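Bear in mind that the values here come from a model prediction, so they are computed numbers and not experimental data.
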Amino acid sequence: MTDHSSPTLAQCLAQAQTLGMARLDAQMLLLHSLERPLHERAWLLAHDTDLLSPAPQARWQVALHRRLAGEPVAYITGRKEFFGLMLAIDARVLDPRADTETLVDWALAVLPALSQRPGLLRILDLGTGSGAIALALQHARPDTQVWAVDASEDALSVARTNAAQLKLPVKFIASDWFSQVDSEFDLIVSNPPYIADADPHLAALRHEPLQALISGADGLADLRRIVADALTHLSPSGWLLLEHGFDQAEAVRDLLTQAGFVQVQSQADLVGHARCSGGKKPPK
Ligand SMILES: C[S@@+](CC[C@H](N)C(=O)[O-])C[C@H]1O[C@@H](n2cnc3c(N)ncnc32)[C@H](O)[C@@H]1O
């Protein structure tokens with residue numbers, strides 16, 4: 001007998017699309033409601049005439065409403081894939097963005113030139129949030145030692161859980177940028193807050209922690225602090241690589257040059273915006 005109260009999976013996706021939801025978001029939320037791995041989109045296509053039974057249907061309705069209210073998919077599913085690693089994510093941390101993989105790619109590209117030094121290379125991730133950047137680097141380069149800093153104990157708790165889950169030996173420090181950091185590093189990376197505190201785009205980000213997003217009247221307050229203090233925490237010829245807003249590259253390159261960095265340059269993200277800028281500490 002057909003259960004007329006249960007929609008098919010195809011009907012669920014069509015309902016979400018009618019309500020204006022992106023197809024990829026709807027597919028991930030439906031997989032989450034079905035308690036299946038989030039990457040199994042092919043499975044959904046192959047089972048599009050399956051009926052959604054009551055328990056997954058209840059989860060689907062909740063997920064649908066939360067997403068339509070603007071909550072990131074990662075907070076609803078509690079998971080996000082970043083640089084091939086599955087991270088636990090919740091509203092205590094920024095939802096890691098695909099654009100941030102540009103910073104990880106760049107960091108991995110500068111490491112071989114640094115590898116001629118004796119001993120383990122030392123890397124510092126400032127403002128680690130979920131641990132996304134630090135964990136991606138430690139996973140890709142197990143021959144390095146990665147430290148990660150955040151001012152938020154909540155964020156550090158999420159990052160430590162992810163490190164334990166992934167069995168990655170990142171060391172975490174509670175610190176206001178460099179204030180509790182006393183060593184030198186070969187590479188410092190950071191995706192700090194960089195949105196101006198009156199930016200109209202903040203309304204769309206209302207579910208994410210404000211301390212992960214805003215940075216003074218022009219969005220550059222934290223980038224200024226990091227650039228100003230980074231040279232004293234870098235070893236000679238070490239790199240500082242920073243993510244910033246799509247329209248902040250010139251300002252960040254100016255900050256780096258004025259602070260004394262050399263080889264100052266920017267890197268484009270997936271859509272071609274100059275999304276990261278960095279520079280090298282001069283050799284001794
Ligand atoms: C834009 S989020 C980046 C999170 C993560 N690195 C990522 O890329 O997904 C910025 C992070 O910086 C942290 N933060 C903000 N101000 C800080 C400060 N003064 N010292 C250390 N961390 C800070 C926030 O708590 C947040 O986790």
Assess the residue pair R92 and S152 against the criterion (side-chain hydrogen bond (donor to acceptor under 3.5 Å, both in side chains)); give the C-alpha distance rounded to whole Å, side-chain angles, the decisive distance to 0.1 Å, and a yes or no.
CA-CA 9 Å; R92 292 174 292 173; S152 156; over 6 Å; no

Between V262 and L240, is there a shared hydrophobic cluster once you connect ILVMFWY residues whose side-chain heavy atoms come closer than 4.5 Å?
no

So does V146 get a backbone contact from the side chain of R122, meaning a donor-acceptor N/O pair under 3.5 Å?
no

For residues P192 and W177, determine if any side-chain heavy atom of one lies less than 4.5 Å from a side-chain heavy atom of the other.
yes

ring-ring contact (aromatic ring centres under 6.0 Å, His included) filter on H273, not counting sequence neighbours, yields F246

If you define the side chain from C-beta out and look only at heavy atoms, does anything of F178 sit under 4.5 Å from R225?
no

Quick one: does any side-chain atom of H244 pair with a main-chain N or O of S277 as donor and acceptor, under 3.5 Å?
yes

Short side-chain to backbone donor-acceptor contact, N162 and S130, under 3.5 Å
yes

Should we say atom NE2 of H47 is surrounded by more than 12 heavy atoms from elsewhere, each under 6.0 Å from it?
yes

d(S33 OG, I76 CD1) to nearest 0.5 Å is 9.5 Å

Pairs flagged by salt bridge (charged side-chain N to carboxylate O under 4.0 Å, His left out) wherever residues 126-143 is involved - sequence neighbours left out
R141-D143

Which pair of non-hydrogen atoms, one from G129 and one from D150, has the smallest distance, and what is that distance?
N-OD2, 2.9 Å

Going hydrophobic residue to hydrophobic residue with side-chain gaps under 4.5 angstrom, can you get from L242 over to F83?
no

Check: M28 main-chain N/O paired with H32 side-chain donor or acceptor under 3.5 Å:
no

Calculate, to the nearest 0.5 Å, the distance between atoms CD and CH2 belonging to Q138 and W147 respectively.
9.5 Å

Within the distance-only criterion (no hydrogens, no angle test), does the side chain of S175 pair as donor or acceptor with the backbone N or O of Q180 below 3.5 angstrom?
yes

Evaluate the side-chain proximity of L187 to V110: yes if any heavy-atom separation is below 4.5 Å, no if none is.
yes

Are L135 and I188 joined in one hydrophobic group, where the rule is that I, L, V, M, F, W and Y side chains link up if heavy atoms are under 4.5 Å apart?
no

I'd like to know if the side chain of S235 reaches the main chain of F185, judged simply by a donor and an acceptor atom lying under 3.5 Å from each other, with no hydrogens or angles considered.
yes

Hey, mind stepping through W106 and Q265 against side-chain hydrogen bond (donor to acceptor under 3.5 Å, both in side chains) and telling me if it holds?
CA-CA 11 Å; W106 194 7; Q265 55 197 280; 4.7 Å; no

Listed once per pair and sorted, the salt bridge (charged side-chain N to carboxylate O under 4.0 Å, His left out) pairs that draw on residues 178-207, sequence neighbours left out
R117-D186

I'd like to know if the side chain of Q267 reaches the main chain of R275, judged simply by a donor and an acceptor atom lying under 3.5 Å from each other, with no hydrogens or angles considered.
no

Please identify each residue that fulfils salt bridge (Lys or Arg N to Asp or Glu O under 4.0 Å) with D154, with sequence neighbours left out.
none

Taking D222's backbone N and O only, do any of them form a donor-acceptor pair with S215's side chain (distance below 3.5 Å, no angle check)?
yes

If we ignore hydrogens and angles and just use 3.5 Å, is the side chain of T161 paired with the main-chain N or O of S157 as donor and acceptor?
yes

If you look at every heavy atom in F261 and K281, which pair is closest and at what distance?
CD2-N, 3.9 Å

What pairs of residues pass the salt bridge (charged side-chain N to carboxylate O under 4.0 Å, His left out) test when at least one of them lies in residues 73-84, not counting sequence neighbours?
K80-D95

Side-chain heavy atoms under 4.5 angstrom apart, residues restricted to Ile, Leu, Val, Met, Phe, Trp, Tyr: same cluster for L166 and I133?
yes

Exam field: side chain Q165 to backbone A88, donor-acceptor pair closer than 3.5 Å:
no

With clusters defined by side-chain heavy atoms of hydrophobic residues (ILVMFWY) lying less than 4.5 Å apart, directly or transitively, does V93 cluster with L103?
yes

Could you state the interatomic distance from CG (D105) to OG1 (T100), rounded to the nearest 0.5 Å?
11.0 Å

With salt bridge (charged side-chain N to carboxylate O under 4.0 Å, His left out) as the rule and sequence neighbours excluded, what pairs involving residues 31-42 come up?
E35-R59, R36-E40

